[in-house]
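Inspection log for the structure reproduced underneath, given as structure tokens.
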Amino acid sequence: MVKMKYVKMFLKYFEEFPVFTANDVKLFLKKNGAGKEYYKLFIHNMVKVGKVFVIKRGYYTMRDDPMIAGFAFSPFYYGLETSLTYYKLWDYITPITIITTNRVRKSSIELLGRNASLRSISKDKFFGYASVEYKEGIYLPIADIEKTVIDSIYFHARFSKGVYAKLVGRIDHKKLNNYLKSYNKIIRKQVDDLLASFE
């Protein structure tokens with residue numbers, strides 16, 4: 001049985017967190033006088049009544065919004081198809097694309113009822129994104145135009161010629177060339193060839 005005093009404290013404390021872990025809940029409840037194993041029952045019941053949603057094992061959110069779920073894979077940014085959607089360069093319904101420095105076991109998963117694509121990237125290539133306001137008080141890391149182009153080549157996730165034409169038209173070439181310094185000659189040549197095809 002979940003004690004209401006913990007529910008009220010929990011909802012007030014965790015409402016500001018986009019994502020939290022089972023350990024976060026364990027520490028919070030223990031600090032407020034609960035037994036050390038009580039968090040398991042507490043989380044189970046919060047999920048059961050729809051106050052908490054499961055993102056993946058050990059990771060939860062109070063927001064029924066798959067775009068919040070990326071925080072469970074931090075450090076991360078949203079890229080490829082998701083960044084195209086953000087920049088209004090297409091309106092297809094596609095999986096949410098999360099690019100993370102964490103090791104990825106499954107490339108395709110479901111997050112809060114929405115298909116998602118996970119891609120792993122090395123730390124030296126983890127750049128080229130900005131924090132943008134998604135909803136009031138919530139900011140998400142979204143790949144910029146230049147990184148979206150490079151990532152499409154790097155991850156072999158090619159777009160249509162029409163989409164590339166829109167991307168190329170908005171590229172900051174100085175920024176793009178600076179980014180490309182972190183990539184090998186093959187990737188640099190493929191990006192150069194892509195740009196040349198639109199000259």
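Numbering of residues begins at 1 and proceeds along the displayed sequence. FYI, side chains are in, hydrogens and waters are out, and symmetry mates aren't considered; it's all heavy atoms of this structure.
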Can a side-chain donor-acceptor contact be found between [Y] and [X] if the only test is distance below 3.5 angstrom?
X: D151; Y: T148; value: no
X: S122; Y: D124; value: yes
X: Y164; Y: S197; value: no

When you compare the side chain of [Y] with that of [X], does any pair of heavy atoms fall below 4.5 Å?
X: I171; Y: L195; value: yes
X: I142; Y: Y129; value: no
X: D172; Y: D144; value: no
X: K166; Y: W90; value: no
X: F73; Y: V104; value: no
X: V149; Y: V168; value: no
X: Y154; Y: Q190; value: no

| message | Is there a side-chain contact (heavy atoms from CB on, under 4.5 Å) between M46 and V7? Walk through the geometry before answering. | response | CA-CA 8 Å; M46 288 295 97; V7 173; 3.7 Å; yes
Determine whether [X] and [Y] fall in the same hydrophobic cluster, where Ile, Leu, Val, Met, Phe, Trp and Tyr are linked whenever their side-chain heavy atoms lie under 4.5 Å apart.
X: F17; Y: Y60; value: yes
X: L11; Y: I55; value: no
X: L176; Y: V163; value: yes
X: L89; Y: Y92; value: yes
X: Y59; Y: M67; value: yes

Atom pair [atom1]/[atom2] of [X] and [Y] - distance to nearest 0.5 Å:
X: M62; Y: I68; atom1: CE; atom2: CD1; value: 12.5 Å
X: I145; Y: Y86; atom1: CD1; atom2: OH; value: 10.0 Å
X: I109; Y: R114; atom1: CD1; atom2: CZ; value: 12.5 Å
X: R188; Y: K181; atom1: CZ; atom2: NZ; value: 10.5 Å
X: L80; Y: F159; atom1: CG; atom2: CZ; value: 5.0 Å
X: S152; Y: K147; atom1: OG; atom2: NZ; value: 10.5 Å

| From CA spacing to verdict: side-chain contact (heavy atoms from CB on, under 4.5 Å), N177, L180 | CA-CA 5 Å; N177 290 330; L180 286 172; 4.2 Å; yes
| task | Determine, stepwise, if the pair L84 / T94 fulfils side-chain contact (heavy atoms from CB on, under 4.5 Å). | result | CA-CA 10 Å; L84 291 181; T94 58; over 6 Å; no
Looking at every heavy atom in both [X] and [Y], which two are closest together, and how far apart are they?
X: E81; Y: T97; value: OE1-OG1, 2.8 Å
X: S117; Y: P95; value: N-CB, 4.1 Å
X: R119; Y: A157; value: NH2-CB, 4.1 Å
X: Y6; Y: N32; value: CE2-O, 3.4 Å
X: P66; Y: L111; value: CB-O, 3.4 Å
X: A143; Y: G79; value: CB-CA, 4.0 Å

| message | Are there over 12 heavy-atom neighbours, none belonging to Y13, within less than 6.0 Å of that residue's OH? | response | no
Using modelled atom types and a 3.5 Å cut-off, is there a donor and acceptor pairing between side-chain atoms of [X] and backbone atoms of [Y]?
X: N102; Y: S74; value: yes
X: T61; Y: P18; value: yes
X: E146; Y: G128; value: no
X: T100; Y: P75; value: yes
X: K51; Y: N45; value: no
X: R63; Y: V52; value: no

| With a distance cut-off below 6.0 Å to the six-membered ring centre and an angular limit of 45° from the axis, does K30 pair with Y39 as a cation-pi contact? | no
| message | Checking I153 against R158 for the side-chain contact (heavy atoms from CB on, under 4.5 Å) test, could you report, in this order, the C-alpha distance in whole Å, the side-chain angles of both residues, the deciding distance, and whether it holds? | response | CA-CA 7 Å; I153 302 293; R158 303 303 173 87; 3.6 Å; yes
| Is it true that D65 and K135 make a salt bridge, defined as a side-chain N closer than 4.0 Å to a carboxylate O? | yes
| query | Does D193 come within less than 4.0 Å of K189, counting only side-chain N to carboxylate O? | reply | yes
| query | Do the rings of Y77 and F126 sit parallel, tilted or perpendicular, given the 30° and 60° boundaries? | reply | tilted
| query | Parallel, tilted or perpendicular for F28 and F14, by the 30°/60° rule? | reply | perpendicular
| Taking the six-membered ring where the residue is Trp, are the ring centres of F42 and F10 under 6.0 Å apart? | yes
| message | Please tell me whether Y179 and Y183 form a close aromatic pair, meaning their ring centres lie under 6.0 Å apart. | response | no
